2 protein chains.
Amino acid sequence: MPYSYEFERPALAVDCVVFGLRPSAQDSAALSQPSSRLVVLLIERALQPFEGRWALPGGFVRIDETLDRAAERELVEESGLSIAYLEQLYTFGELKRDPRERVVSVAYFALVNPVEHVLAAGTDAAKAEWFDVSTLPSLAFDHGKIIEVALERLRSKVRYRPIGFGLLPELFTLTQLQKMYETILDRPLDKRNFRKKIASLEFVVATEDTERGVPRRAARLFRFDQAAYDALSRQGFDLELI
Amino acid sequence: MPYSYEFERPALAVDCVVFGLRPSAQDSAALSQPSSRLVVLLIERALQPFEGRWALPGGFVRIDETLDRAAERELVEESGLSIAYLEQLYTFGELKRDPRERVVSVAYFALVNPVEHVLAAGTDAAKAEWFDVSTLPSLAFDHGKIIEVALERLRSKVRYRPIGFGLLPELFTLTQLQKMYETILDRPLDKRNFRKKIASLEFVVATEDTERGVPRRAARLFRFDQAAYDALSRQGFDLELI
DNA sequence: ACAAAAGTGTTAGAATTACACCCATGA
DNA sequence: TCATGGGTGTAATTCTAACACTTTTGT
């Protein structure tokens, strides 16, 4: 045990809050909803403690990997997902978070593309499933709290950074884009004002393509131009997106 | 070594970026500055590694204290400061941050009242000193990077949360308040527009008092009403302050 | 009386919000 | 031809930004 650190050490873990967007089954009864749902990925724990309870994907940080890498690794191991956006969220260090011993957990939040939603049965985990954020089951550890913090961060950050594109396919319609914002912000947006705003953003560019195979007029497809955004962003701009 | 955690554990530390506001010596030459300076507290390291270099106050997290408590304790131990505002900033987990061994550090950022600026010689530390953020010395570890992140957070957060009051005395003039914002944001603000804005914030309240002992017209003193802010904040408001 | 900062309104331009209909397409 | 969502503009309002002089007070 080297140098001045004679104390007992807390264990160090990462936990990931993975958000996805799922088209919601348009109940003919409850209409007037955003028609897409924000979902979060949970793992059913195969081991004690909290065996059988749902929890965030996560695990311990190895001595030779950075925190970001640990988060990525856990996501791949436990769900086989590929991640469109990953950022560190907050570090949770309460004393009794884990009933076994002191565990400090660095939480991440991640966004995944809808096409990637296929869930590989993980190695450690019993099973992985998507849950609507508004109807979560009772969670292991303080993971309910972590999801709350992640949701808050997502809702505030999506308004001034173009991260929401991570929840959409590479090519998307303006209606999909609007529904994504409506779903996350949980309020309706005005279609014309929304489109005016998007049209003013140089980094959301129209392609030549349109939707295929829809039983109605096909919508134009757009894409997010990361390079254009980075350029603007480097000149220091601020811009409320929505 | 309990349960499934057979890995070697990273050490876990906290580091604190403590900001203060210092009236700047109004050089008759270089006028037209905000006339206050943003300063950060550094400790001269008494031990290897980086002996003699300046570093952020910080230290290892004990097994029976939360992260917040560890940050508070380090601040008291190393500087004797009392803290007006403390929030977790980010967790730094690169592999070679510390040349001795793997250390993951949870960084905090803190704001202190100007009256509290008296520095007690700490127990561990050689000496503590305030440095202007624009003229920092070369720092130990990745502490330069941590301060950058903290500055960015301060600059963005001060615009929509009333944390800047933590840098002022309990009773302050509108000119002091304006200079505080000018110093942090590093740009001039229009006096009349600024006062109009502040007047619209119900949680910045005028007192009956005025400045004492100044060789000119005395300014009215204001205070920040935390309870009023919390009430508004609970009804979910958003409000750009500046 | 002078120096120094306190205090105070108006106007032009920009951004935001509210609002409803015609169009294109596939079934 | 019908159902479905795609696509479009204008006017009222609110917010933001630019701008300069008078007042108070202590020395």
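The structure presented is a predicted model; accordingly, all values stated were derived computationally and were not measured.
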For [X], side chain to side chain contact (heavy atoms under 4.5 Å, CB included) partners two or more places apart:
X: A:S105; answer: A:A13, A:D15, A:R97
X: B:A110; answer: B:V18, B:L75, B:I83, B:L86
X: A:R161; answer: A:K157, A:I163, A:Y229

Salt bridge (Lys or Arg N to Asp or Glu O under 4.0 Å) against [X], all qualifying residues, sequence neighbours excluded:
X: B:D132; answer: B:R37
X: A:E240; answer: A:R159
X: A:R153; answer: A:E87

Answer yes if the side chains of A:S36 and A:R22 hold a donor-acceptor pair under 3.5 Å, and no otherwise. no

Just checking A:T173: base, sugar-phosphate only, or nothing, at a heavy-atom cut-off of under 4.0 Å?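 Nothing, no heavy atom under 4.0 Å.
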
With a non-hydrogen cut-off below 4.0 angstrom, is B:R220 in contact with a base, only sugar-phosphate, or nothing?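 Sugar-phosphate, backbone atoms only, no base.
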
Kindly list each side-chain donor-acceptor pair under 3.5 angstrom involving residues 167-175 of chain B, sequence neighbours excluded, with atom names and distances?
from   : atom 1 : to     : atom 2 : distance (Å)
B:T173 : OG1    : B:T175 : N      : 3.4
B:T173 : OG1    : B:Q176 : N      : 3.0
B:T175 : OG1    : B:R195 : NH2    : 3.4

How would you summarise protein contacts on nucleotides 22-27 of chain D per nucleotide, using B for base, S for sugar-phosphate only and - for none, with heavy-atom distances below 4.0 Å? -BBBS-

B/S/- contact track for nucleotides 9-18 of chain D, protein heavy atom under 4.0 Å: BB-----SBB

For chain B and DNA chain C, what are the first and last nucleotides along the strand, 5' to 3', with at least one atom under 4.0 angstrom from a heavy atom of the protein chain? C:dA4 to C:dT10

Length of the line joining A:F194:CZ and D:dT8:P, which is rounded to integer Å: 14 Å

Can you measure A:E211 atom CD to D:dG5 atom C1' for me and round it to whole angstrom units? 9 Å

Check: residues 213-228 of chain A side-chain donor-acceptor pairs under 3.5 Å, at least two apart:
from   : atom 1 : to     : atom 2 : distance (Å)
A:R216 : NH1    : A:E211 : OE1    : 3.1
A:R220 : NE     : A:T207 : O      : 2.9
A:D225 : OD1    : A:A227 : N      : 3.1
A:D225 : OD1    : A:A228 : N      : 3.0
A:Q226 : NE2    : A:D230 : OD1    : 2.9

Taken in chain and number order and not counting sequence neighbours, the residues that satisfy ring pair (Phe, Tyr, Trp, His ring centres under 6.0 Å) with B:Y160 are none

